[in-house]
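So the structure is just underneath, and the comments pick up after that.
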Number of protein chains: 2
Amino acid sequence: MRDLTRTEGIPLYVKIRESIRQKIAAEELVMGQKLPSEDELAAQYGVSRMTVRQGITDLIDEGLLYRRHGVGTFVAYPPVERDHSRLTNFFENSDAIGIKAKASLIMIEVEDAKLKAAKALNLTEGEPIIRIKTLRYADDIPVTVHDAHIPYKLFASILDMDQQKLETQHLWTFFESCGYRVKSAVQKLEAREADESLARLMEIEEGTPILYKERTVYADDGTPVEFTYCYNRGDRYSLTVTLHR
Amino acid sequence: MRDLTRTEGIPLYVKIRESIRQKIAAEELVMGQKLPSEDELAAQYGVSRMTVRQGITDLIDEGLLYRRHGVGTFVAYPPVERDHSRLTNFFENSDAIGIKAKASLIMIEVEDAKLKAAKALNLTEGEPIIRIKTLRYADDIPVTVHDAHIPYKLFASILDMDQQKLETQHLWTFFESCGYRVKSAVQKLEAREADESLARLMEIEEGTPILYKERTVYADDGTPVEFTYCYNRGDRYSLTVTLHR
DNA sequence: GAGTGGTCTAGACCACCCG
DNA sequence: GGGTGGTCTAGACCACTCG
């Protein structure tokens, strides 16, 4: 009890949450095991029950614990990897799995929005957008053609960025510097065949399977900030996602 | 104020949540608009602030609202369709989009688990599993070959079910009747080519693009209940998912 | 009936943002 | 400084599960 030394600025429920997480990691609490009751935990940590609940709720949202009304709170079996349900960008993700990521700029220009992009970005057809097309490499193998469309009126300043920076810094970092925090994305996935142009860029044969992805990215206030066509080499790319009922 | 007529059994925070949701639907609250402060809402509804917060938090999790510390709570722009981040089954999903769904049983049998399925289902290699292979139709066009593996020790009783029921009732309904509530699934997606056997079943040419999906389904206590290989016709099937940071 | 989580109160103080 | 959300308390009663 009382492993909550008063650390500056860290909320109690966060400390409790991390304390429980650590006990699970250290296997002081094993899979399927029942936690002490909320009342008991409140007493142990010297806080109110609502505070304990807040910490526990976070861990339930992460899939690390589950509750059974009238029974107790338990450690869930496989810590279902939430990573798979989190939205990550190409560079973050490659870092995480130890792949060397690289991008090369194919083109950046201002265009009139076509219907589909305009709709996704909440613009009217023909409004200016900035189109940024890159080829992305994993360990020096070309794996993805990335064709992003972003509203000109929000992000015109990206045109001043030098190519070097465009290739190494992710778009989302730039969005944040403009005050838009990326929160979610809706993506549609299909299997397709590589056409001639994709085949040339990715050094594959025409007709090779491609994992095609259309993605709209939203900031936390709901503003759509990016609409992207994404063509991934079928033999080099897979996407893992977690869904919940 | 006080549109909370005391309805039996419905928690206050649910009523508040639905009341706010309805105001958004009715456009009494429009996109980007600031809600009354939590204190004010508490006064309006005649409840404590914590109760209001609980209702609001639900709507934030749904993406309908967002909070800005020190500023206020606002209506988010496009009600990002949470449907896309929810785990649905083939029949539910078809219903929702108005497609006539049908399944025909290709085979059901008991097998020894191969390494991959065993690993996913937390079994040891060679333990018995039940393998259920179906061909699924959307509006009478074959779109998916579904090859499910479920632990024999949990679900042996499915073998007594008649074929008619197997084809019309979803597996998950059966799982629930055995006490396992489906909570989440991890799915890996790839683009592939149809091999000869898939091509024959789905009435397409060999080499046609296939959206290949490997899926492990978990109950809410974390027990893996299903491991499935899923082959979807590229020209007739797309998958939409929502991801969050 | 005992034990658990689910809901709820009526306050409090703090941290943040803005004018 | 005034208004907002973020955290927290010390209780309370209810609903559910189980033996």
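Source: prediction; values computed, not measured.
Here C:dA15 presents its P atom at 18 Å from CZ of B:Arg67, a figure rounded to the nearest Å. Atoms CG (B:Leu41) and P (D:dG3) sit 16 Å apart, rounded to a whole Å. Atom CZ in A:Arg17 sits about 11 Å away from atom P in D:dC8, given to the nearest Å. With rounding to whole Å, B:Tyr66 atom OH is found 12 Å from D:dG5 atom P. Nucleotide C:dA12 holds its C1' atom 14 Å from the CG atom of A:Leu12, rounded to whole Å. The CE atom of A:Met50 sits 13 Å away from the C1' atom of C:dG11 (whole-angstrom rounding). One interatomic measurement links the two molecules: CZ of B:Arg49 to C1' of D:dG3, which rounds to 11 Å at whole-angstrom precision. Taking atom CZ on B:Phe74 and atom C1' on D:dT4, their separation rounds to 9 Å, with Å as the unit.
Taking the ring centroids of B:His149 and B:Tyr229, they lie under the 6.0 Å cut-off.
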Could you list all N or O pairs between the protein and nucleotides 14-19 of chain D that sit under 3.5 Å apart?
residue: D:dA15; atom: N3; partner: A:His69; partner atom: NE2; Å: 3.1

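Annotation: side-chain hydrogen bond (donor to acceptor under 3.5 Å, both in side chains) contacts of B:Lys119 (sequence neighbours excluded): none. Every ring-ring contact (aromatic ring centres under 6.0 Å, His included) that A:Phe74 has, sequence neighbours left out, goes to A:Tyr66. For A:Arg49, the salt bridge (Lys or Arg N to Asp or Glu O under 4.0 Å) criterion is met by A:Glu38, not counting sequence neighbours. Under the side-chain hydrogen bond (donor to acceptor under 3.5 Å, both in side chains) criterion, A:Thr124 pairs with A:Glu127, sequence neighbours left out. Residues satisfying the side-chain contact (heavy atoms from CB on, under 4.5 Å) criterion with B:Leu154, sequence neighbours excluded, are B:Pro151, B:Tyr180, B:Thr223.
Side-chain proximity of A:Ser37 to C:dT4, C:dT7, C:dG11: nearest is C:dT4.
Heavy-atom nearest nucleotides on DNA chain C were determined for A:Gly72 and for B:Val14, and the one closer to the 5' end corresponds to A:Gly72.
In this model, the phosphate group of C:dG5 is approached by a side-chain N or O of A:Thr73 to a distance below 4.0 Å at OP1 or OP2. Distances shown here put a side-chain N or O of A:Thr51 below 4.0 Å from the OP1 or OP2 atom of D:dT9. Between C:dG6 and A:Arg53, a contact under 4.0 Å exists linking OP1 or OP2 to a side-chain N or O.
Few gaps surround NZ on B:Lys34; more than 12 heavy atoms of other groups in view lie less than 6.0 Å from it.
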